[in-house]
Every structure is written in C-alpha cells, then in structure tokens.
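What you are looking at is a predicted structure, and each value in this text was computed from that prediction instead of being measured.
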Amino acid sequence: MEQATKLVESITRGIQEKKGQQIVVADLNNIEGAICRYFVICQGNSPAQVEAITESIGDYARKELGEKPTTVAGLENAQWVAMDYGDVLVHVFLPDVRSFYDLEHLWEDADLTVLEDEV
C-alpha cells in the first residue's frame with residue numbers, strides 16, 4: 001500500500017482515538033492541479049477536543065509511519081487547525097467553523113469517503 005494511503009489511515013485512527021466526528025476523506029488523485037492527494041476533514045466539539053485530536057493525529061502518524069507535519073496552523077485558538085503532511089492535508093474544525101467554510105464542497109469532483117462516527 002502506498003505511503004499516502006497509509007498516512008490517511010493512520011490519521012483517521014488518531015482522529016477516532018479522541019472521538020473526532022464526521023470524518024471525511026477527499027481523494028484528489030484524479031483532480032488535475034490539486035494541491036495535495038488527500039484532504040482529511042473532521043470536527044471536535046470544543047477547542048480542547050480539537051487540540052487533543054490534532055495531538056493524537058501527530059502521535060499516530062509519527063509512531064506508525066515516522067511522519068511529521070511540515071506545518072500546523074490554528075492551534076492558538078483551536079477553531080480550525082490545519083496540518084500539512086505534503087500529500088495529505090488535515091483539517092480539524094469546530095462544527096460551526098466547519099459548516100461556514102464547507103471544505104468538502106470545494107472539491108466537488110473528488111471522491112468523498114465518509115467514515116462512521118465511533119461510539
């Protein structure tokens with residue numbers, strides 16, 4: 001399995017570990033000019049949970065694959081945190097911020113995979 005796909009799986013495990021919700025993986029591989037290969041989008045219910053999800057994603061990617069993000073932005077207010085892993089961009093939102101920016105629909109041609117929330 002290719003590295004970007006393994007990274008997406010590791011990231012989703014990190015999100016699920018901290019009970020992140022409404023995980024969507026946008027596959028941009030077939031979109032010409034896309035800025036990355038995958039978007040992973042999820043949400044937490046509070047700034048503290050957004051922070052915990054972000055930390056968990058970093059831990060999983062580092063421990064499982066030796067991957068570290070080149071950039072992490074948004075931790076200062078933890079309403080929208082973006083993590084850049086090169087081929088994979090991760091966005092962790094608060095629900096109202098997520099619905100405002102509606103990133104899933106920016107890439108209408110992408111193949112979207114919606115993961116079930118873990119209970």
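For Tyr60 and Glu17, the side-chain atoms include at least one donor-acceptor pair closer than 3.5 Å. Side-chain N/O atoms of Gln3 and Glu67 include a donor and acceptor closer than 3.5 Å.
Shown here for Cys36 and Gly86, the closest heavy-atom pair between the two residues is CB-O, 3.6 Å. When all heavy atoms of Asn45 and Pro95 are compared, the closest pair comes out as OD1-CG, 4.0 Å. Between Ser56 and Lys18, the shortest heavy-atom contact is CB-CG, 3.5 Å. In terms of heavy-atom proximity, Ala110 sits nearest to Leu28 at CB-CD2, 3.4 Å. When every heavy atom of Pro69 is checked against every heavy atom of Val72, the shortest pair comes out as CG-CG2, 3.6 Å. Smallest separation of non-hydrogen atoms from Ala4 and Asp87: CB-CB, 4.1 Å.
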### Task
I would like to know whether Ile41 and Ile23 meet side-chain contact (heavy atoms from CB on, under 4.5 Å); could you show each step before the answer?
CA-CA 6 Å; Ile41 305 163; Ile23 303 169; over 6 Å; no
### Task
Take Leu103 and Phe93 through the test side-chain contact (heavy atoms from CB on, under 4.5 Å) and record every step on the way to the result.
CA-CA 11 Å; Leu103 287 187; Phe93 287 99; 3.7 Å; yes
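Between Thr113 and Asp27 there is no side-chain heavy-atom pair separated by less than 4.5 Å. Looking at Val25 and Tyr38, their side chains come closer than 4.5 Å, going by heavy atoms from C-beta outward.
Take Glu64 and apply the salt bridge (Lys or Arg N to Asp or Glu O under 4.0 Å) test, not counting sequence neighbours, and it matches Arg13. Applying the salt bridge (Lys or Arg N to Asp or Glu O under 4.0 Å) test to Asp117 and every residue at least two apart in sequence or in another chain returns nothing.
In this structure, Leu65 CG and Leu7 CG are separated by 6.0 Å, a value rounded to the nearest 0.5 Å. The CG atom of Asp96 lies 13.0 Å from the CH2 atom of Trp80; values are rounded to the nearest 0.5 Å. Atom CD of Gln79 sits about 11.5 Å away from atom OG of Ser46, to the nearest 0.5 Å. Distance check, rounded to the nearest 0.5 Å: CD1 of Ile57 to CD1 of Ile11 gives 6.5 Å. One distance of note links NE2 of His91 with CD of Gln43; it measures 14.0 Å at 0.5 Å rounding. For the atom pair Leu94 CG and Gln49 CD, the distance stands at 9.0 Å (nearest 0.5 Å).
A distance-only check finds a donor-acceptor pair linking the side chain of Thr70 to the backbone of Asp84 [under 3.5 Å]. The main-chain N or O of Val24 is never found under 3.5 Å from a side-chain atom of Glu104 such that the two would form a donor-acceptor pair. Proximity of a side-chain donor or acceptor of Thr54 to a complementary backbone N or O of Val50 within less than 3.5 Å is detected. In this structure, Thr12 contributes its side chain and Val8 its backbone to a donor-acceptor pair below 3.5 Å.
Heavy-atom neighbours of Glu76 CD from other residues, nucleotides or ligands within 6.0 Å: above the threshold of 12. In the displayed structure, Gln21 atom CD is contacted under 6.0 Å by more than 12 heavy atoms of other residues, nucleotides or ligands.
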